[in-house]
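Shown next, in structure tokens, is the structure this report addresses.
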Amino acid sequence: QVQLVESGGGLVQAGGSLRLSCAASGRTFSRYHMAWFRQAPGKEREFVAGISAIGGVTYYGDSVKGRFAITRDNAKNTLYLQMNSLKPEDTAVYYCAAREAYVSSTYYDLDSYAYWGQGTQVTVSS
């Protein structure tokens, strides 16, 4: 198993930037595909970005393409989400998620992720 802890959320003005981190512990971090999801009040959990186990492939939700960047440092067991040009509609709780690399599914498939962090709140003011 892997345990995930997010950090870096907070309050930021529209147009600003934040970097989220997700620290992983437990089994070897490089065994897992990783992703960020977010959930706004009253809405379903939404795919934000995903990255392959060794970091060579990334995917983004349409609403964040060109503004957000997902990276990972397998030596530090840490996943990142750099968020630029933030908008009020980016306000949500952001979750990191992990699944074993052998699991065959799209990165968008929320149900394919077995491990989740507790979430970190991001609030973007207008």
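Please read these numbers as outputs of a predicted model, since none were measured by experiment.
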Residue pairs fulfilling salt bridge (Lys or Arg N to Asp or Glu O under 4.0 Å) with at least one residue in residues 64-76, sequence neighbours excluded: D62-K65, R67-D90
What about W116 and F29, same hydrophobic cluster or not, with Ile/Leu/Val/Met/Phe/Trp/Tyr joined at side-chain heavy-atom distances under 4.5 Å? no
In this structure, would L81 and V2 fall into the same cluster of hydrophobic residues linked by side-chain contacts under 4.5 Å? yes
If you count every heavy atom of other residues, nucleotides or ligands that lies below 6.0 Å from E44 atom CD, does the total exceed 12? no
Please verify the inter-ring angle class for Y113 with F37; under 30° counts as parallel, over 60° as perpendicular, anything in between as tilted. perpendicular
One should read off an interatomic distance between C22 SG and Q3 CD, to the nearest 0.5 angstrom, of 11.0 Å
Side chains of residues 11-19: which donor-acceptor partners sit under 3.5 Å, not counting sequence neighbours?
from, atom 1, to, atom 2, distance (Å)
S17, OG, N84, OD1, 3.0

In terms of heavy-atom contacts, A53 and S30 come closest through CB-O, 3.3 Å
N/O donor-acceptor pair under 3.5 Å between Q121 side chain and G9 backbone: no
Spacing of C96 atom SG and L20 atom CG [to the nearest 0.5 Å]: 9.5 Å
Distance-only, no hydrogens or angles: does the Y59 side chain make a donor-acceptor pair with backbone N or O of S52 under 3.5 Å? no
Can you label the angle between the Y107 ring and the H33 ring as parallel, tilted or perpendicular, going by 30° and 60°? tilted
Any E100 side-chain heavy atom under 4.5 Å of Y115 side chain: yes
Is it true that the side chains of R38 and T120 contain a donor and an acceptor less than 3.5 Å apart? no
Atom pair OG1/CG of T71 and L79 - distance to nearest 0.5 Å: 7.0 Å
Taking the side chain as every heavy atom from C-beta outward, state whether Q39 and E46 have any pair of such atoms under 4.5 Å apart. no
Give the C-alpha distance, both sets of side-chain angles, the deciding distance and a yes or no for side-chain contact (heavy atoms from CB on, under 4.5 Å) between Y32 and N74. CA-CA 10 Å; Y32 298 89; N74 285 349; over 6 Å; no
Mind jotting down which residue pairs meet the salt bridge (Lys or Arg N to Asp or Glu O under 4.0 Å) criterion with at least one end in residues 106-126? Sequence neighbours excluded, please. none
Check whether NZ of the Lys or CZ of the Arg R45 lies under 6.0 Å from the centre of the six-membered ring of Y95 and within 45 degrees of that ring's axis. yes
Which distance, rounded to the nearest 0.5 Å, do you find between the CG of L110 and the CZ of R99? 11.0 Å
Assigning hydrophobic clusters by single linkage (Ile, Leu, Val, Met, Phe, Trp, Tyr; side-chain heavy-atom cutoff under 4.5 Å), is Y80 placed with V48? no
Nearest 0.5 Å, what's the OG1-CE distance between T78 and M34? 9.5 Å
Measure centre to centre between the rings of W36 and F47, then say whether the value is under 6.0 Å. no
